[in-house]
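I have placed the structure first, in the form of structure tokens, so that the comments after it can refer back to it.
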Amino acid sequence: MEYSMKDKLKYGLILSLFLTFTVFFYGPVGIYLANADELKFGLGVVIKDALIISAIVFVGTTVFSLIVPKKLFRWYCLLVLGGGIGLYIQGNYINYDYGVLDGTEIQWENYTKYGVINTLIWGVAIVLPFIVNFIVSKKDKNLMNKIIVGACLFLVAIQIPAFISQAAGYKKKQEVSLTINNDNMFEMASDENIIVFVLDTLDEVYYKDYIKKHPEFEEDLPGFVHYDNALTGGARTMMGMPIMFTGKPYNRQGTYSDYIDEVYSKDNVLHKMSDAGYDVRVYSETLFYSNQTADWVSNFEMVSNPVTSDTILTKKLYKLSLFKFMPHFLKSRFWMQTSEFEEAMKRDNTYQFDDSVFYEKFKNDGLTVSKSVKKSFTVYHMRGVHRPFNMDDNAVFVGHTSRKKQLVGTFKIVKEYIDQLKAVGLYDSSTIMITADHGDKRQCQRIMLMLKEAGATGEVTKSHAPVSSFDFPIYFTGLAGETMADQEYGVDLKSLKDDDKRTRYVYRNTADNSKLVVKKFVTNDEAKKYKALKLEEEFVDNTGNVPYVLGTRLGFDADSTGNAYAVEGFGNNHGFRTKMRGPYGRMEIPFEEIPDETVTAKIELYNECDIGYDVIIKANGKEVYKNFVDESVVKSGISFDIDPSLFEEDMLVLEFEFPHISQDEMDIDVLYRTITLSVVSITIDK
């Protein structure tokens, strides 16, 4: 059939609305809302940029619809609808868990099987409108037009409640934000300098490998002690950095920004050193410091708008959004690390977390000695061996290199810095620490640590003392004649002997039960013995547990609401599903309104779990389902009824028991337990 210009405008507007809202508006805005706590810019700038881009796309696609030949317009509509359905499904249901976008390169070749399945799903999505058109056109040629309109409006409508829910939970950013500049970056005090190099991700294992091949590094470092049994207090960086200055771990019982504000409102190194008369300078990333620290750190400043380039911000925002919506085999073109947003907030003097930039500035500026500053406390948080590896052994950015070459380049910078300290006559009087915020192996628990105190001489020595980064705040403030209050896990590291036995703790930020969790490990053994780390406690993210509304589909992809209710026995997300692990699982679901009649719970499963065991499901303590899990159960899913009398107030507790699996597995990490069910979604309805 042929379409009039009026018809083309009508259907073009509907299709444009669907595509624009899904991908170009809610896509980037939803991603921002899901990660707002760890991004420095506010929702207003995101919505503004998204509205501008959405308007351009909306007008552009609508105009294009008008110039499509009338005879081809039906096929055009079907193709756009199919592509839009593919984008919608990809963005909401079938994204694989590629890990945190922290710079770790994705091994795309390991996902070939998933990529094939992903492509087949896309193929079905694109072809589906053509099949429906073929069927319905035999009876009514105009019916397909109604289906196109209905499908587009329906898919837009079902995204609006999720958007409203996310927006309602948004915590407005402060009008001013912290920035870190590189002013006086290499200016030393004339009398006393405390210098701390924090080399990100530098595991003791990596340092030992480096020093075997480069023994010359330690040959001219008089006074240094190499601590080979050092344990981090927190892993990874968002855990490790605040601990170095406050001694207080993050337990996820609140937002990260609230935690940062709280710990810096109490005793902390930056405040203590400033009060003791030190010129405090910290070259790092702002995420780990509260706004209040600008009162104590001379290169911290408050600005009213952190975004300096809307263009760069928009490019990065849509690159990340398209990474979410693109089919698997196209995702590599849109891969990025979330720290790239920093590029949109650069000022001429903003500190860049980039060792090659650090080295270039160091070569240009060199160390200078201030006549007016008598004491300084300077911290350089450097990239070290944090991924991606893009610096060579000469500390030059080359785009792609190896961890070993980047490590050589990092220590080249440190060594040349130390050599200049000697040249200006400040080495002997300086206290120098070279360490890491966290390790990289196993639980990231083992860090490299070298320390030279002012006045120390002699060849490099080794210490096997059981030190911890929880000890650093006590040590730093002790150098200034100050003390730190309420240090639960830290001790005076200088009092520790090689053969001392000590209980140490590691707070590990990870993913569990389909959501973020902090695991508290305890050990009385050496730092290298990761199996000696015993899980003592878990702090599960308790935000986002909104009351459940009957009929809501609880999915387990990164953005769906099912993640918030998983309490025990759920492994971390695997794209669009989560793997339940025996012998016990638990979900706690608060209801907006207790149902007045029997409801049915349906659990959609994915065909990748083991078979041949019993599963028992209890609703608020009463058994509502028992069956032997075989291929038919996995294929058809699990369904059971829940009587309204089982509800206890407004809470529904679902317990999953697998009696054939040993209870001994409850003593080990959930990620190492037996896989039982691979859960795609749970829906409860009348």
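At distances below 3.5 Å, not a single donor-acceptor pair connects side-chain atoms of Y351 with backbone N or O atoms of F358. R383 places no side-chain N or O within donor-acceptor distance of the main-chain N or O of M391, the cut-off being under 3.5 Å. For Q420 (side chain) and L367 (main-chain N/O), a donor-acceptor pair under 3.5 Å exists by modelled atom type. In this structure, Y505 contributes its side chain and F470 its backbone to no donor-acceptor pair below 3.5 Å. A donor-acceptor pair under 3.5 Å is formed between the side chain of S298 and the backbone N or O of V280. Panel note: side chain N299, backbone I180; no donor-acceptor pair is recorded below 3.5 Å. Of the possible donor and acceptor atoms, none in the side chain of S165 sits under 3.5 Å from a partner among the backbone N and O of A162. Within the 3.5 Å criterion, the main-chain N or O of A235 finds no donor-acceptor partner in the side chain of T232. K375 contributes no side-chain N or O that, together with a main-chain N or O of M273, makes up a donor-acceptor pair within less than 3.5 Å. Put simply, the side chain of Q487 gets close to the backbone of T246: a donor and an acceptor are under 3.5 Å apart.
Under the 4.5 Å side-chain criterion, counting only non-hydrogen atoms from C-beta, M448 is not in contact with Y206. Inter-residue side-chain proximity for V385 and T410 is flagged as unmet; no heavy-atom pair is nearer than 4.5 Å. Using a 4.5 Å heavy-atom cutoff, the side chains of P242 and Y259 are in contact. Considering only heavy atoms from C-beta on, F411 comes within 4.5 Å of L199 through its side chain. A 4.5 Å side-chain heavy-atom check between N184 and V373 finds every atom pair outside the cut-off.
Y278 and E192 share a donor-acceptor pair across their side chains, judged by distance under 3.5 Å alone. Side chains of S463 and D498: a donor-acceptor N/O pair is present below 3.5 angstrom, by distance only. Checked by atom type, the side-chain pair N229/R504 shows a donor-acceptor distance below 3.5 Å. Q292 and H271 form no side-chain donor-acceptor contact under 3.5 Å, judged by distance and modelled atom types alone. A donor-acceptor pair shorter than 3.5 Å can be found between the side chains of T237 and D200.
To the nearest 0.5 angstrom, L496 atom CG is 12.0 Å from H464 atom NE2. In this structure, the separation between CG on N524 and NZ on K529 is 12.0 Å, given to the nearest 0.5 Å. Note that OG1 of T431 and CG of L479 are 5.5 Å apart. Values are rounded to the nearest 0.5 Å. Here CD1 of I194 is found 10.0 Å from CD of E453. Values are rounded to the nearest 0.5 Å. The line from OH of Y210 to CD of E218 is 9.0 Å long, rounded to the nearest 0.5 Å. Once rounded to the nearest 0.5 Å, the distance linking CE of M241 with NE2 of H438 reads 9.5 Å.
The aromatic ring centroids of F472 and Y475 lie 6.0 Å or more from each other. F300 and Y289 have their aromatic ring centers within a separation under 6.0 angstrom. Aromatic rings from Y417 and Y380 are positioned such that their centres are separated by under 6.0 Å. A distance of 6.0 Å or more separates the ring centres of F245 and Y264.
A salt bridge does not link R403 to D203: none of the charged nitrogens lies less than 4.0 Å from a carboxylate oxygen. Salt bridge D279/K374: absent, no basic N to carboxylate O contact under 4.0 Å.
The residue from Y283, F197, F353 that alone fulfils the ring-ring contact (aromatic ring centres under 6.0 Å, His included) condition with H381 is F353.
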Does the pair Y507 and K520 meet the rule for a side-chain contact (heavy atoms from CB on, under 4.5 Å), with working shown? CA-CA 5 Å; Y507 280 75; K520 179 184 179 182; 3.3 Å; yes
Full working for side-chain contact (heavy atoms from CB on, under 4.5 Å) between V282 and T293: CA-CA 10 Å; V282 179; T293 57; over 6 Å; no
One pair to check against side-chain contact (heavy atoms from CB on, under 4.5 Å): Y427 and L221. What are the steps and the verdict? CA-CA 10 Å; Y427 179 81; L221 294 180; 4.2 Å; yes
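Counting heavy atoms of neighbouring residues, nucleotides and ligands inside a 6.0 Å radius, atom CZ of R442 does not exceed 12 of them. Around NZ of K528, the count of heavy atoms belonging to other residues, nucleotides or ligands within 6.0 Å does not exceed 12.
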